[in-house]
Amino acid sequence: MRQVAAASGSASLTWQGSCLELLPQRALWQADIGVLLVADLHLGKAESFQASGIPLPSDGDLSTLNLLLDLAAQLQPQRVVVLGDLIHSRVGLTGELRAKIRALPELLGCPLELIGGNHDQGSWLEGLSAGPPQRCGNLWLSHEPCTPREPDLLNVAGHVHPVAVLGQGGDRLRLPCFALHRNTRQLLLPSFGHLTGGYAVSAEYQRWVIADQHVLAVP
């Protein structure tokens, strides 16, 4: 299998001999096995809010999906795995969104897999079943963070939408980040969808922020 390197601006970490590339597009790329990991797209979130009377624009899904398609065209993955919360709720799962999700594997040029998240529960997607956590090489893939039973595994998860808070007082930045906790063997991915909030992770985590299309380690 041909390995495709990530774009400039990425950072990397090594786990059990495998190189994991942290991409500024808020995704994780493991080139040696051709797996692209993303989490928390929350497609249909604007429509869910609109149903509650909150007038958010509906163009967020298009930019999120186009970003995923651009990444797939660049990296040519063998698999794309969504670590939960592909959609935001059943209310926002319109016929148009269903059609876009149904077309994704062909547009990506590879299989699309979904590990079920809390927002995916109770929703039916044609041709895309929400599966349980699974092993992928030296990684344990899940939606909610957990500590793997086997000591050689690194849990890669979403759900938290990690951000790092830099600066003090009124001069602060909240930036999406990748967050690694070595003691619990957890790597948290930032939300791939942009219409999401974020949870500020502590300095107990090794953090890499995403700023100006670069992934930068926090000292």
Side-chain angles (χ1 to χ4, degrees), residues 3-42 60 63-85 108 115 136-143 145 153-168 171-219:
Q3 296 186 17
V4 181
S8 61
S10 65
S12 63
L13 66 92
T14 300
W15 182 266
Q16 298 291 330
S18 296
C19 181
L20 307 176
E21 299 187 68
L22 316 177
L23 307 182
Q25 295 89 343
R26 307 188 187 196
L28 184 72
W29 172 236
Q30 189 170 354
D32 58 348
I33 57 175
V35 174
L36 179 65
L37 303 174
V38 295
D40 301 290
L41 279 69
H42 286 274
S63 60
T64 297
L65 291 172
N66 283 341
L67 180 59
L68 183 60
L69 294 177
D70 288 345
L71 261 181
Q74 173 189 331
L75 299 175
Q76 302 174 36
Q78 299 296 305
R79 300 164 58 200
V80 173
V81 182
V82 178
L83 303 182
D85 290 358
L108 291 168
I115 292 175
C136 178
N138 293 320
L139 307 180
W140 182 254
L141 309 181
S142 66
H143 176 60
L153 294 183
L154 175 68
N155 174 225
V156 181
H159 186 59
V160 176
H161 307 180
V163 299
V165 179
L166 307 180
Q168 296 180 346
D171 191 19
R172 294 191 300 173
L173 288 174
R174 288 174 59 90
L175 298 173
C177 72
F178 297 87
L180 173 67
H181 200 294
R182 293 189 180 273
N183 289 342
T184 57
R185 290 177 281 120
Q186 295 171 359
L187 175 63
L188 308 179
L189 301 191
S191 60
F192 192 77
H194 287 70
L195 193 60
T196 58
Y199 174 77
V201 293
S202 71
E204 293 180 357
Y205 289 82
Q206 184 177 355
R207 295 163 296 169
W208 294 263
V209 297
I210 300 169
D212 195 24
Q213 296 303 305
H214 286 76
V215 180
L216 305 171
V218 176

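Atom CD of Gln30 is separated from atom CZ of Arg79 by 10.0 Å, given to the nearest 0.5 angstrom. Atoms CD and CG, on Glu21 and Leu13 in that order, are 10.0 Å from each other to the nearest 0.5 Å. Distance check, rounded to the nearest 0.5 Å: CD1 of Ile33 to CD of Gln78 gives 10.0 Å. Atom CD of Gln74 and atom CG of Leu36 lie 10.0 Å apart (nearest 0.5 Å). Here CD of Gln25 is found 7.5 Å from CG of Leu75. Values are rounded to the nearest 0.5 Å.
Annotation: side chain of Pro190 is in contact with side chain of Phe178 (closest heavy-atom distance under 4.5 Å). Between Val81 and Cys136, every side-chain heavy-atom pair lies at or beyond the 4.5 Å cut-off. Side-chain contact between Pro24 and Ser10 is present, with at least one heavy-atom pair separated by less than 4.5 Å.
Minimum interatomic distance between Thr64 and Gly193 (heavy atoms only, all atoms of both residues): OG1-CA, 4.1 Å. Of all heavy-atom pairs between Ala39 and Gly158, the closest is CB-CA, 3.8 Å. Between His194 and Leu67, the shortest heavy-atom contact is CE1-CD2, 4.2 Å.
Side-chain N or O atoms of Arg174 include one that pairs as donor or acceptor with a backbone N or O of Gly198 at under 3.5 Å. Checked by atom type and distance alone, the side chain of His143 pairs as donor or acceptor with a backbone atom of Leu83 at under 3.5 Å. The backbone N or O of Trp140 lies less than 3.5 Å from a partner atom in the side chain of Asn155, making a donor-acceptor pair. Side-chain N or O atoms of Arg26 include one that pairs as donor or acceptor with a backbone N or O of Ser191 at under 3.5 Å.
Partners of Leu108 according to the side-chain contact (heavy atoms from CB on, under 4.5 Å) rule, which considers only residues two or more places apart in sequence or in another chain, are Leu68, Leu69, Ala72, Val80, Leu104, Cys110, Leu112.
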Which atom pairs, one a donor and one an acceptor, fall under 3.5 Å between side chains of residues 205-219 and the rest of the protein, sequence neighbours left out?
from, atom 1, to, atom 2, distance (Å)
Gln206, OE1, Arg182, NE, 3.3
Gln206, OE1, Arg182, NH2, 3.2
His214, ND1, Asp212, O, 2.9

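Residue Leu189 forms a side chain to side chain contact (heavy atoms under 4.5 Å, CB included) with just one option from Leu23, Leu22, Val160, Leu37, and that option is Leu37. None of Leu187, Val156, Leu154 except one satisfies the side chain to side chain contact (heavy atoms under 4.5 Å, CB included) rule with Trp15; the exception is Leu154.
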